[in-house]
Amino acid sequence: FHYTPPGWVSYLIRSSEKRVHYNVIQLLSLSTACNWLVCLAVFIVYQSEDVVSKLFGVFFPTMTFVCLGFEHSVANMFYIPSAMFFGANISIWEFLYNISLVIIGNMIGGSIFNGLIFWYVYMLRTKNKQFLENLFGKMVGKGLKEPKSKQEKQQQKGGQSTPNST
C-alpha cells in the first residue's frame with residue numbers, strides 16, 4: 001500500500017525544504033521586507049479611524065508578503081516544523097539556521113525600516129513645524145498641533161469643568 005499525501009502536504013514539504021536552503025542574503029532580505037510590510041500594516045491600522053480602513057490596512061500588506069513568499073519568523077516557526085512532522089528532509093540545524101536569520105531580518109525590517117524612519121520623520125516634522133507652515137501654509141500646521149488636554153476638550157464641548165480647589 002502506497003500513501004500519497006494530499007496536495008497541500010506535498011506543497012508544504014517542497015516549500016519548506018526550499019526555504020531552509022536559502023543563503024544568508026536571501027533570508028535577510030526576504031525577512032526584512034516581510035516585517036517592513038507587517039509593521040506597516042500595524043501602523044496603518046493604528047492611524048485609521050474606521051473599520052473598513054483598518055481591514056484594508058491589514059489585508060493588503062499581509063497578502064503582499066504572503067503572495068511574494070517573504071520570510072516571517074512566526075510563520076516559519078509553524079510552517080517548517082509542520083513539514084518536518086510530515087516527513088520533510090530538514091534537520092533541526094537547518095531549521096535553526098533559517099529561523100535565526102529570519103528573526104534578525106524581521107528585527108531589521110521592523111525597527112529600522114519602520115520604527116527608525118517613522119521616528120525620524122515625525123521628529124523632523126515637529127522640529128520644523130514653523131518652516132513647514134511657511135512653506136505649505138496653515139494646512140500642514142493643523143495636523144501638527146499639540147493634543148488637547150481633557151479639560152480643554154470638555155470646555156470645547158460646552159461643559160464647564162472647574163479645577164479641583166484644594
Side-chain angles (χ1 to χ4, degrees), residues 1-129 132 136 139-140 142-147 150:
F1 178 74
H2 184 272
Y3 171 71
T4 304
W8 65 270
V9 174
S10 299
Y11 174 78
L12 176 71
I13 291 171
R14 277 192 325 272
S15 177
S16 294
E17 288 175 348
K18 179 181 168 189
R19 287 173 184 266
V20 297
H21 292 102
Y22 286 150
N23 64 34
V24 174
I25 301 298
Q26 288 173 316
L27 283 174
L28 288 177
S29 60
L30 289 172
S31 58
T32 299
C34 175
N35 216 40
W36 172 68
L37 287 171
V38 170
C39 291
L40 185 65
V42 171
F43 183 77
I44 291 171
V45 168
Y46 181 72
Q47 296 296 321
S48 301
E49 294 181 6
D50 59 305
V51 175
V52 174
S53 300
K54 290 178 188 286
L55 290 173
F56 280 109
V58 167
F59 179 77
F60 287 111
T62 305
M63 289 311 299
T64 301
F65 99 75
V66 170
C67 291
L68 292 176
F70 289 166
E71 299 280 322
H72 194 266
S73 59
V74 176
N76 285 4
M77 285 180 200
F78 172 78
Y79 201 70
I80 296 172
S82 296
M84 292 167 71
F85 176 76
F86 283 111
N89 188 20
I90 300 171
S91 71
I92 190 72
W93 299 113
E94 290 172 325
F95 169 67
L96 292 175
Y97 163 79
N98 176 282
I99 207 68
S100 60
L101 289 173
V102 170
I103 288 172
I104 292 168
N106 285 166
M107 290 190 313
I108 291 169
S111 61
I112 294 174
F113 287 106
N114 273 26
L116 191 63
I117 291 173
F118 283 135
W119 173 81
Y120 178 76
V121 167
Y122 280 118
M123 294 306 292
L124 183 68
R125 187 174 165 195
T126 305
K127 214 184 258 185
N128 297 321
K129 179 179 176 183
L132 291 171
F136 296 109
M139 178 184 67
V140 174
K142 289 180 183 177
L144 300 175
K145 290 182 180 174
E146 296 296 321
K150 288 182 183 179

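Just so you know, these numbers come straight off a predicted model, no measurement behind them. Numbers for residues simply follow the sequence, beginning at 1.
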> Can you measure from CG (Asn98) to OH (Tyr22) and round to the nearest 0.5 angstrom?
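Reported value, rounded in 0.5 Å steps: 9.5 Å.
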> Would you check if the side chain of Ser16 reaches a backbone N or O of Ile13 as a donor-acceptor pair within less than 3.5 Å?
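No, because the side chain of Ser16 does not come within donor-acceptor range (under 3.5 Å) of the backbone of Ile13.
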> Do Gln47 side-chain atoms and Ile44 backbone N/O form a donor-acceptor pair below 3.5 Å?
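Such a contact is absent between Gln47 side chain and Ile44 backbone.
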> Would you compute the distance between atom CD1 of Ile108 and atom CG of Leu116 and round it to the nearest 0.5 angstrom?
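Going from CD1 on Ile108 over to CG on Leu116, the span is 12.5 Å.
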> With the side chain counted from C-beta on, respond yes when Pro81 and Phe85 share a heavy-atom pair under 4.5 Å apart, and no when they do not.
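The answer is no, as the side chains (C-beta and beyond) never meet within the 4.5 Å cut-off.
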> Looking only at heavy atoms, which two atoms of Asn76 and Phe95 are closest? And how far apart?
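So the minimum-distance heavy-atom pair works out to O-CE1, 3.8 Å.
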> Could you tell me whether the side chain of Ser100 and the main chain of Tyr97 form a donor-acceptor pair under 3.5 Å?
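Looks like yes, one N/O pair under 3.5 Å.
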> Please check if the number of heavy atoms outside Phe113 that lie under 6.0 Å from its CZ is greater than 12.
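12 or below, so no.
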> Quick check for you: to the nearest 0.5 Å, what is the distance between His21 atom NE2 and Ile90 atom CD1?
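Atom-to-atom, His21:NE2 and Ile90:CD1 are 7.5 Å apart.
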> Could you report the tightest heavy-atom contact between Gly110 and Cys39, atom names first, then the distance?
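Residues Gly110 and Cys39, closest heavy atoms: CA-SG, 3.6 Å.
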> So, does Thr32 use its side chain to make a donor-acceptor pair with the main chain of Gly105 at under 3.5 Å?
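Such a contact is found between Thr32 side chain and Gly105 backbone.
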> With rounding to the nearest 0.5 angstrom, report the OH to NZ distance, Tyr46 to Lys54.
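Here the rounded value is 9.5 Å.
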> Any chance CZ of Phe118 has more than 12 other-residue heavy atoms, nucleotides or ligands included, within less than 6.0 Å?
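Buried by this count: over 12 neighbours within 6.0 Å.
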> Less than 4.5 Å apart, side chain to side chain, heavy atoms only: is that true for Leu12 and Ser82?
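Of all side-chain heavy-atom pairs linking Ser82 with Leu12, at least one is under 4.5 Å.
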> How many angstroms lie between atom CE of Met84 and atom CD of Glu17, to the nearest 0.5 angstrom?
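Separation between the atoms: 11.0 Å.
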> Where the side chain of Glu71 meets the backbone of Leu28, is there a donor-acceptor pair that is under 3.5 Å apart?
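Not confirmed, Glu71 side chain does not pair with Leu28 backbone.
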> Looking at Asn106 and Ser73, would you say the former's side chain and the latter's main chain have a donor-acceptor pair under 3.5 Å?
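Yes: the side chain of Asn106 pairs with the backbone of Ser73.
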> Keeping the roles fixed (side chain from Asn23, backbone from Gln26), state whether a donor-acceptor pair exists under 3.5 Å.
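Confirmed, Asn23 side chain pairs with Gln26 backbone.
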> Taking atom CZ of Phe59 and atom OG1 of Thr64, what is their separation to the nearest 0.5 Å?
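It is 8.5 Å, given to the nearest 0.5 Å.
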> What do the steps show when you test His72 against Asn35 for side chain to side chain contact (heavy atoms under 4.5 Å, CB included), and what is the final call?
CA-CA 7 Å; His72 194 266; Asn35 216 40; 3.4 Å; yes
> To check you understand the geometry: which heavy-atom pair defines the closest contact between Glu94 and Asn89, and what is its length?
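Smallest interatomic distance, heavy atoms only, reads OE1-O, 3.8 Å.
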> Less than 4.5 Å apart, side chain to side chain, heavy atoms only: is that true for Phe56 and Val52?
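Side chain of Phe56 against side chain of Val52, heavy atoms only: contact under 4.5 Å found.
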> Of the options Ile112, Ile117, Asn114, which is the one that meets Trp36 in a side chain to side chain contact (heavy atoms under 4.5 Å, CB included)?
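Of the listed residues Ile112, Ile117, Asn114, the side chain to side chain contact (heavy atoms under 4.5 Å, CB included) partner of Trp36 is Asn114.
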> Using side chain to side chain contact (heavy atoms under 4.5 Å, CB included), reason through Met77 and Ile103 one step at a time and then give a plain yes or no.
CA-CA 10 Å; Met77 285 180 200; Ile103 288 172; 4.0 Å; yes
